[in-house]
Amino acid sequence: MTTDDDAGVLAGQEVYSARVLKFYDLLVLRLTSSLVWRCPPGAMLRLHERNLGARHLELGVGTGHFLDRGRFPVPHPAIDLLDLNPDALAHAARRLARHRPTTHRANVLEPLPVPEGAFDSVGMNLLLHCLPGGSLRAKEAVVKNAVTAARAGGRVFGSTVLAEGVHLNPAARAMLRNHNERGILNNARDSLADLRWVLHEHLTDVQIRVRGCIALFEATAG
């Protein structure tokens, strides 16, 4: 049964069909991220490699690109993938089949169907800007859920496109307006200040680096 909250999350993911996901890495990571948002995918890959743990949970899986390319601290990591979009979940699971990931179809805004305090790292790359809510404070539940899933001392990290508190060039402003009107993004009021507030409210050792209009963040769970 799909709830109203699920419908809101799915609305931002409708564009990511099985066909579109075949071109996601080129269109979103290489072109849009690099040229419009002005954050090269290499910066996100380095974020992963600084924070990936032996047991990792990924919230909002995309295509699994960074988990596929990133170096884990152990030869055989345990990976859990969680997403409400079945196409993205299946695509990432196939790509990471050599690691035999565990998959969960679930809403990141609701309590997660994973063990509490079990994960060495929890990632949420390019996720928050897709979720419904008037601001990042309204999406706070995702960070709280990540902290609940992480072990004490575990790493929580990710990236998100911001609309306030960062420099937006004309191309970024135009794409933000277009994608918010179409429901692809839900970040018209997502600000750097609110991201700082949410992360500091639930995590320690918070670091935020801004590249273009993308915030790359990493922190420690208590």
Side-chain angles (χ1 to χ4, degrees), residues 29 33 37-62 65-67 70-73 77 79-80 82-83 108-112 114-168 172 176 185-222:
L29 300 180
S33 181
W37 308 139
R38 294 171 293 117
C39 179
M44 287 177 264
L45 179 60
R46 290 189 293 274
L47 175 71
H48 276 72
E49 292 188 332
R50 285 196 301 272
N51 292 283
L52 285 170
R55 187 174 186 187
H56 177 73
L57 170 64
E58 191 78 0
L59 305 179
V61 300
H65 173 86
F66 296 107
L67 299 182
R71 290 189 297 270
F72 284 84
I79 301 174
D80 283 53
L82 189 148
D83 204 298
V108 296
L109 292 168
E110 298 176 352
L112 305 180
V114 299
E116 295 184 5
F119 295 92
D120 300 305
S121 57
V122 181
M124 53 182 92
N125 196 57
L126 299 178
L127 169 68
L128 295 173
H129 57 246
C130 294
L131 300 176
S135 69
L136 281 170
R137 293 196 184 208
K139 306 172 190 183
E140 180 184 5
V142 183
V143 175
K144 292 172 66 175
N145 288 339
V147 172
T148 299
R151 64 169 175 80
R155 300 294 287 170
V156 175
F157 66 96
S159 62
T160 190
V161 179
L162 298 176
E164 298 179 2
V166 295
H167 176 70
L168 300 173
L176 280 172
L185 299 181
N186 286 281
N187 67 338
R189 293 175 55 197
D190 285 6
S191 70
L192 181 58
D194 280 351
L195 178 63
R196 285 197 180 108
W197 183 89
V198 170
L199 295 177
H200 282 282
E201 189 73 8
H202 300 285
L203 294 152
T204 61
D205 303 322
V206 175
Q207 295 184 51
I208 303 173
R209 297 175 176 86
V210 176
R211 295 289 301 269
C213 53
I214 287 184
L216 304 148
F217 56 88
E218 52 194 302
T220 301

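- Under the 4.5 Å side-chain criterion, counting only non-hydrogen atoms from C-beta, L126 is in contact with M44.
- For the pair L128/N187, no side-chain contact is recorded, criterion being any heavy-atom separation below 4.5 Å from C-beta on.
- A salt bridge (charged side-chain N to carboxylate O under 4.0 Å, His left out) check over residues 213-222, counting only residues at least two apart or in different chains, returns the pairs R50-E218, R155-E218, R209-E218.
- In R151, the CZ atom is crowded: over 12 heavy atoms of neighbouring residues, nucleotides or ligands sit closer than 6.0 Å.
- Put simply, the side chain of L82 does not reach to within 4.5 Å of the side chain of V61, judged on heavy atoms.
- Residues V122 and A150 come closest through the heavy atom pair CG2-CB, 4.0 Å.
- Closest heavy-atom contact between G60 and D83: CA-OD2, 3.2 Å.
- Using a 4.5 Å heavy-atom threshold, the side chains of I214 and L162 count as separate.
- Partners of H56 by side chain to side chain donor-acceptor pair (under 3.5 Å), not counting sequence neighbours, listed by chain and number: E58, S121.
- Side-chain contact between F217 and M124: present, with at least one pair of heavy atoms (C-beta onward) separated by less than 4.5 Å.
- Heavy atoms only, all atoms of each residue included: V108 and L59 are closest at CG1-CB, 4.0 Å.
- Here the closest heavy-atom approach between residue C213 and residue R38 is recorded as N-NH2, 4.0 Å.
- Put simply, the side chain of D120 never gets that close to the backbone of G154: no donor and acceptor are under 3.5 Å apart.
- Once rounded to the nearest 0.5 Å, the distance linking CH2 of W197 with OG of S135 reads 9.5 Å.
- A 4.5 Å side-chain heavy-atom check between V206 and T204 finds every atom pair outside the cut-off.
- The line from CG of L47 to SG of C39 is 9.0 Å long, rounded to the nearest 0.5 Å.
- L176 has its side chain within reach of L185: a pair of non-hydrogen atoms, C-beta onward, lies under 4.5 Å apart.
- Partner of K139 under the side chain to side chain donor-acceptor pair (under 3.5 Å) criterion, out of D194, D190, T160: D190 alone.
- In this structure, NE2 in H48 is found 9.0 Å from CG in N51, a value given to the nearest 0.5 Å.
- N125 is not listed as a side-chain neighbour of F157, based on a closest heavy-atom distance of 4.5 Å or more.
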